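Working notes, beginning with the structure itself.
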Amino acid sequence: MRLLEEFTSVQRVTTCKELFDEALRFTRQLGFDTFNAVAVIDRLGSESEFVGVDNAPPAYRQLIEDRDGGRRDPVMQRCKRSHVPVVWNQGTYIDAGCADKWEIQASHGYRTGIAFALHLPQGRHFCLGVDRAERLPRHADEMTRMVAEVQLFAAHAVDAALRILLPRVADAQTESPSARELECLRWTMEGKTAWEVGRILGISESTVVRHVNNAARKLNCVNKHQAVVKALRAGLIA
């Protein structure tokens, strides 16, 4: 896996152009051709708002922006209801009864890909997809690396993407993580398991899990990995 510094630069972007450039750089380095980075906010009583950046070919753009087509897309639908990365190919669409949709997008270079969504408080979401015309690697280790890097880039990009792409949403007033919760988060950053952190701090494994989950909740994060990134960026841990 590439150095962590290669992922952190996206946190410093301030414009759509800079976000586009960072996402394109990551996509090409990972070995993919196209990307789609989309921020979503749910609107009570109306359709959700989608704002994104991508490098889709012009001939395919109308299909990307088709809401009805998105409702039929098995990858989008799985991202909508899951935190688990979606690794997809032609079989994904055949199994969902959407072989015709894959045939159309394949003609534009969208034959395989990886998609990952983060679902955040206040009805906000961030989805990152990378696509290409080539087959995905057959070797499990290589595929695992690619999926992990998509997740890591998304975790670093989400705050900047929401800040740039969505209207400013007033954050709910939340309490700050406690010193013990941040201590557990810091050891998590070091790669320690909950059991190992418990041994270090003299507390139970379940208590460590509770502290880490509480820290993630207070930081408006969906998992411990995003919480570590956000706490680092805010200077809460080092």
Side-chain angles (χ1 to χ4, degrees), residues 1-23 25-26 37-42 49 51-53 83-85 116-128 148-198 200-203 205-238:
M1 190 175 291
R2 297 196 301 276
L3 295 174
L4 183 61
E5 288 79 3
E6 295 189 38
F7 297 91
T8 58
S9 58
V10 71
Q11 296 178 341
R12 298 188 291 273
V13 303
T14 58
T15 67
C16 282
K17 176 62 166 58
E18 291 175 350
L19 179 62
F20 175 93
D21 290 343
E22 283 293 320
R25 174 189 61 79
F26 167 75
V38 182
V40 184
I41 184 166
D42 296 330
E49 180 178 352
V51 186
V53 292
H83 292 285
V84 179
F116 177 59
L118 288 165
H119 305 288
L120 307 165
Q122 300 174 319
R124 296 172 298 171
H125 315 270
F126 177 63
C127 183
L128 174 68
E149 292 198 7
V150 169
Q151 291 179 281
L152 188 56
F153 183 82
H156 282 83
V158 59
D159 286 341
L162 294 177
R163 182 180 71 247
I164 293 168
L165 299 175
L166 291 181
R168 190 174 296 276
V169 178
D171 289 328
Q173 293 297 317
T174 58
E175 56 184 317
S176 299
S178 68
R180 179 64 95 177
E181 289 164 354
L182 290 174
E183 192 173 15
C184 290
L185 207 58
R186 184 176 65 80
W187 283 112
T188 300
M189 177 187 68
E190 299 291 338
K192 302 296 185 184
T193 66
W195 180 83
E196 290 171 325
V197 176
I200 293 169
L201 300 180
I203 57 181
E205 180 179 1
S206 61
T207 299
V208 173
V209 171
R210 176 165 54 82
H211 284 327
V212 171
N213 288 341
N214 283 341
R217 174 181 56 79
K218 292 174 182 179
L219 292 169
N220 282 334
C221 295
V222 297
N223 56 44
K224 64 182 181 181
H225 305 295
Q226 188 193 1
V228 165
V229 170
K230 195 164 186 177
L232 273 170
R233 187 180 178 195
L236 298 176
I237 58 176

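Remember, it's a predicted structure, so these values are computed and weren't measured experimentally. Along the sequence shown, residues are numbered consecutively beginning with 1.
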Interatomic distance, CG@Leu118 vs CZ@Arg124, rounded to 0.5 Å, equals 11.5 Å
Quick check for you: to the nearest 0.5 Å, what is the distance between Trp187 atom CH2 and Ile237 atom CD1? 12.0 Å
Carefully, step by step, assess Asn223 and His83 under the rule side chain to side chain contact (heavy atoms under 4.5 Å, CB included). CA-CA 10 Å; Asn223 56 44; His83 292 285; 6.0 Å; no
With side chains defined as the heavy atoms from C-beta onward, is the minimum distance between Leu185 and Val228 less than 4.5 Å? yes
Mind listing the closest non-hydrogen atom pair of Ala161 and Ala39 along with its distance? O-CB, 4.3 Å
Closest approach of Glu18 to Arg12 (non-hydrogen atoms, all atoms of both residues): OE1-O, 4.4 Å
Taking side chain to side chain contact (heavy atoms under 4.5 Å, CB included) as the test, write out the residues that go with Val209, two or more places apart. Ala194, Asn213
Shortest non-hydrogen contact from Val84 to Phe116? C-CD1, 4.4 Å
With sequence neighbours left out, the residues meeting ring-ring contact (aromatic ring centres under 6.0 Å, His included) with His125 are His119
From CD (Gln151) to NE2 (His156), nearest 0.5 Å: 13.0 Å
Contacts of Lys17 that satisfy salt bridge (charged side-chain N to carboxylate O under 4.0 Å, His left out) - sequence neighbours left out: Asp21
List for me each residue that meets ring-ring contact (aromatic ring centres under 6.0 Å, His included) alongside Phe153, sequence neighbours excluded, and say none if there are none. Phe26
CZ of Arg163 to CD of Gln11, rounded to nearest 0.5 Å, is 9.5 Å
Quick one: are Glu181 and Lys218 in side-chain contact, heavy atoms under 4.5 Å? yes
At their closest point, which heavy atom of Leu219 faces which heavy atom of Lys230, and how far apart are they? O-NZ, 2.9 Å
Side chains of Ile164 and Thr14: does their closest heavy-atom pair fall under 4.5 Å? no
For Glu205, which residues count as a side chain to side chain donor-acceptor pair (under 3.5 Å) partner, sequence neighbours excluded? none
Shortest non-hydrogen contact from Leu120 toward Val158: CD1-CG2, 3.6 Å
Heavy-atom side-chain contact between Leu165 and Cys16 under 4.5 Å: yes
Among residues at least two apart in sequence or on other chains, which ones pass salt bridge (charged side-chain N to carboxylate O under 4.0 Å, His left out) with Arg180? Glu183
From Lys192 NZ over to Cys184 SG, what is the distance, rounded to the nearest 0.5 angstrom? 13.5 Å
Closest approach of Arg186 to Ala238 (non-hydrogen atoms, all atoms of both residues): CD-O, 3.6 Å
Contact check, side chains of Thr8 and Leu232, non-hydrogen atoms, under 4.5 Å: no
Step by step, work out the side chain to side chain contact (heavy atoms under 4.5 Å, CB included) result for Val197 and His211. CA-CA 11 Å; Val197 176; His211 284 327; over 6 Å; no
dist Met189:CE -> Leu182:CG (nearest 0.5 Å) comes out at 11.0 Å
